[in-house]
2 protein chains.
Amino acid sequence: MAKLTPRQTEILEFIRRSVRDEGYPPSQRDIARHFGFAQNAARDHLRALARKGEIEIASNDARAIRLCGESGVEAPPQGLPLLGRIAAGAPVTAPENAESWLNIDPDLFTPRADFVHRVDGDSMVDAGILSGDLVGIHQQTDAPSGSIIAACLYDDMTGEERITLKRYLRDGSRVVLKAENPRYAPIEVDLARDAYDQEQPRFRIAGVMGGLLRSGSPR
Amino acid sequence: MAKLTPRQTEILEFIRRSVRDEGYPPSQRDIARHFGFAQNAARDHLRALARKGEIEIASNDARAIRLCGESGVEAPPQGLPLLGRIAAGAPVTAPENAESWLNIDPDLFTPRADFVHRVDGDSMVDAGILSGDLVGIHQQTDAPSGSIIAACLYDDMTGEERITLKRYLRDGSRVVLKAENPRYAPIEVDLARDAYDQEQPRFRIAGVMGGLLRSGSPR
DNA sequence: GGGAATACTGTTCAATTGAACAGTACTTAT
DNA sequence: ATAAGTACTGTTCAATTGAACAGTATTCCC
């Protein structure tokens with residue numbers, strides 16, 4: 001799709017707004033009146049927009065403008081990004097880096113989910129969270145002690161950042177990230193120590209668990 | 001909103017289809033041409049539809065039809081009924097008897113869910129299903145042995161029918177409904193015996209589990 | 001039996017509309 | 001330098017369009 005000039009973007013926006021607010025596209029003269037120029041200027045713009053694939057001028061009929069650029073009449077893209085392990089350097093929790101998008105109402109979770117994380121491994125089985133489950137996460141930088149959080153752990157070796165689910169236990173500056181499975185050892189972090197201390201992993205809270213979605217039945 | 005005649009519904013549908021497919025409403029003559037009548041008939045119909053609040057005729061302009069009845073451009077109402085324990089006599093699995101409706105895409109579950117059931121009790125904890133979880137159920141009358149099913153159990157005492165989640169194990173005519181928690185005893189049914197035998201509960205398969213939705217985090 | 005609503009036909013008319021043709025001025029790539 | 005694209009003005013014109021007015025047949029309600 002060819003790039004639009006600022007003026008063309010303005011005009012396309014006006015058409016979109018008209019369709020949304022009035023329910024039908026404007027006539028060439030409507031456009032001209034709104035922008036204060038002659039009908040033929042509007043016609044030129046429509047032709048340019050049609051050539052660039054943003055609209056289709058369906059026929060010689062009145063208001064026969066069909067919006068076709070990405071978001072014509074479609075529903076607003078509602079859903080949640082599925083975040084997880086991603087390539088080195090890039091921030092894991094940025095929606096742009098989503099593996100895929102799920103069509104779920106964020107309000108099905110409490111608190112409301114901002115993204116979804118796929119559980120890998122059985123470290124949380126005793127909390128009823130199985131491998132492969134999708135966990136809804138509400139993005140926040142802190143969490144009450146005892147809650148289940150999505151922790152971002154940064155691996156110095158690979159330079160990769162990844163999300164893990166853990167129970168968050170905090171006592172002063174001492175933080176314990178506990179798995180809900182006796183076979184896994186808890187990770188301990190002392191926030192008072194320098195972040196550059198290599199003996200402990202660097203971590204941050206990505207958010208708190210707001211719920212869970214599982215597809216299929218276990219075993 | 002006044003009721004529409006079949007003909008008016010046809011015409012409203014045609015306008016909706018036009019807006020969806022073409023991107024703009026039809027002219028009165030477009031309508032007339034499509035239905036094979038004169039322009040004025042179309043005009044009469046539009047006036048009737050406007051009077052009944054289904055559309056708005058915005059001005060004297062070409063194609064100035066604005067759809068306003070409930071679902072103008074909105075998404076189709078999609079969701080799943082939440083079924084569970086219900087009043088005596090009524091069939092539990094009928095969507096009309098839903099406790100409430102959840103706005104979930106049925107295809108998030110595999111197999112696709114037809115309704116949702118709220119888990120009450122800890123009988124399935126070992127399968128990662130906790131009390132309060134919502135389980136997506138695909139309606140079917142039979143299920144492979146070993147799968148987790150929604151079983152309809154009929155209580156002769158209260159005359160109530162209720163849904164319970166169980167692991168379904170079948171060996172010939174012998175059926176075992178097993179809880180995924182050692183503290184619960186399995187229920188045994190012999191299909192060869194008469195359904196009127198009061199020594200065993202009457203049951204039927206409501207469907208198989210297609211997945212799970214949990215709001216909030218455990219404990 | 002009368003009134004209202006539905007479901008049309010048919011004609012006329014003025015306003016609106018898109019299209020075409022002829023220009024102008026400016027910018028941006030080649 | 002020059003061709004292409006942008007961003008307009010101005011005029012003319014035929015086609016389309018909604019509106020109005022005058023009818024007709026049928027059904028439904030009171």
Side-chain angles (χ1 to χ4, degrees), chain A residues 1-69 72, chain B residues 1-69 72:
Chain A
M1 195 99 60
K3 255 180 64 194
L4 298 184
T5 65
R7 196 57 160 166
Q8 288 168 357
T9 311
E10 266 187 272
I11 284 152
L12 184 60
E13 256 324 295
F14 173 72
I15 299 171
R16 276 205 228 279
R17 234 193 9 255
S18 290
V19 172
R20 187 160 37 79
D21 297 349
E22 317 290 322
Y24 50 86
S27 69
Q28 292 179 6
R29 282 179 175 88
D30 285 344
I31 299 172
R33 218 168 301 136
H34 179 263
F35 288 97
F37 50 58
Q39 174 239 328
N40 272 315
R43 185 173 162 73
D44 281 355
H45 283 301
L46 290 182
R47 285 194 146 145
L49 287 171
R51 189 161 26 81
K52 293 183 176 180
E54 290 292 342
I55 61 169
E56 260 177 65
I57 302 174
S59 67
N60 296 350
D61 287 346
R63 298 164 203 271
I65 302 170
R66 172 190 290 149
L67 291 164
C68 32
Chain B
M1 194 96 65
K3 255 178 67 194
L4 298 183
T5 65
R7 194 57 158 167
Q8 288 168 357
T9 310
E10 266 187 272
I11 285 153
L12 183 60
E13 256 324 295
F14 173 72
I15 298 171
R16 277 205 228 279
R17 234 196 6 258
S18 290
V19 171
R20 187 161 37 80
D21 298 347
E22 316 290 322
Y24 49 89
S27 69
Q28 292 179 6
R29 281 178 175 88
D30 285 345
I31 299 171
R33 219 169 300 135
H34 180 262
F35 288 97
F37 50 58
Q39 174 239 328
N40 273 313
R43 184 173 163 72
D44 281 354
H45 281 303
L46 290 181
R47 286 195 147 145
L49 287 170
R51 189 160 27 81
K52 293 183 176 179
E54 290 292 342
I55 62 170
E56 260 177 67
I57 302 175
S59 66
N60 296 348
D61 287 347
R63 299 164 202 271
I65 302 169
R66 172 189 289 150
L67 291 164
C68 32

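Just so we're on the same page: letters track the sequence lines, and every chain starts at 1.
- Rounded to whole Å, atom C1' of C:dA7 lies 17 Å from atom CG of B:L12.
- Here A:R33 does not reach the OP1 or OP2 of C:dT16: none of its side-chain N or O atoms lies under 4.0 Å away.
- For A:R20, the salt bridge (Lys or Arg N to Asp or Glu O under 4.0 Å) criterion is met by no residue, not counting sequence neighbours.
- Side-chain nitrogen and oxygen atoms of A:S27 include at least one within less than 4.0 Å of the OP1 or OP2 phosphate oxygen of C:dT17.
- Each of C:dT17, D:dT6, D:dT17 was ranked by its minimum atom distance to the side chain of B:R63; first place goes to D:dT17.
- Looking at residues two or more places apart in sequence or on another chain, you find a side chain to side chain contact (heavy atoms under 4.5 Å, CB included) between B:A41 and B:F37.
- For A:A50, the side chain to side chain contact (heavy atoms under 4.5 Å, CB included) test picks out A:I55, A:I57, with sequence neighbours left out.
- In terms of the side chain to side chain contact (heavy atoms under 4.5 Å, CB included) criterion, residue partners of B:E10 (sequence neighbours excluded) are, by chain and number, B:R7, B:F35.
- In this structure, A:L46 places its CG atom 14 Å from P of C:dA20, rounding to the nearest Å.
- We find that CD1 of B:I31 is positioned 15 Å from C1' of D:dT16, with the value rounded to whole Å.
- C:dG18 atom C1' lies 16 Å from atom CG of A:L49, rounded to whole Å.
- Applying the salt bridge (Lys or Arg N to Asp or Glu O under 4.0 Å) rule to B:R17 yields no partners; only residues at least two apart in sequence or on another chain are considered.
- At C:dA7, one or more side-chain N or O atoms of B:Q8 fall inside 4.0 Å of OP1 or OP2 (strictly under the cut-off).
- Applying the 4.0 Å criterion to OP1 and OP2 of C:dA20, one finds that A:R47 has a side-chain N or O inside that range.
- Between B:R47 and B:D44, none of the side-chain N atoms (NZ, or NE/NH1/NH2) sits under 4.0 Å from a carboxylate O, so this pair counts as no salt bridge.
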Q) Reading nucleotides 8-15 of chain D 5' to 3', which nucleotides get B (base under 4.0 Å from a protein heavy atom), which S (sugar-phosphate only), which -? A) BBBB----

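- For A:Y24 and C:dT17, the OH to P distance is 10 Å, given to the nearest whole Å.
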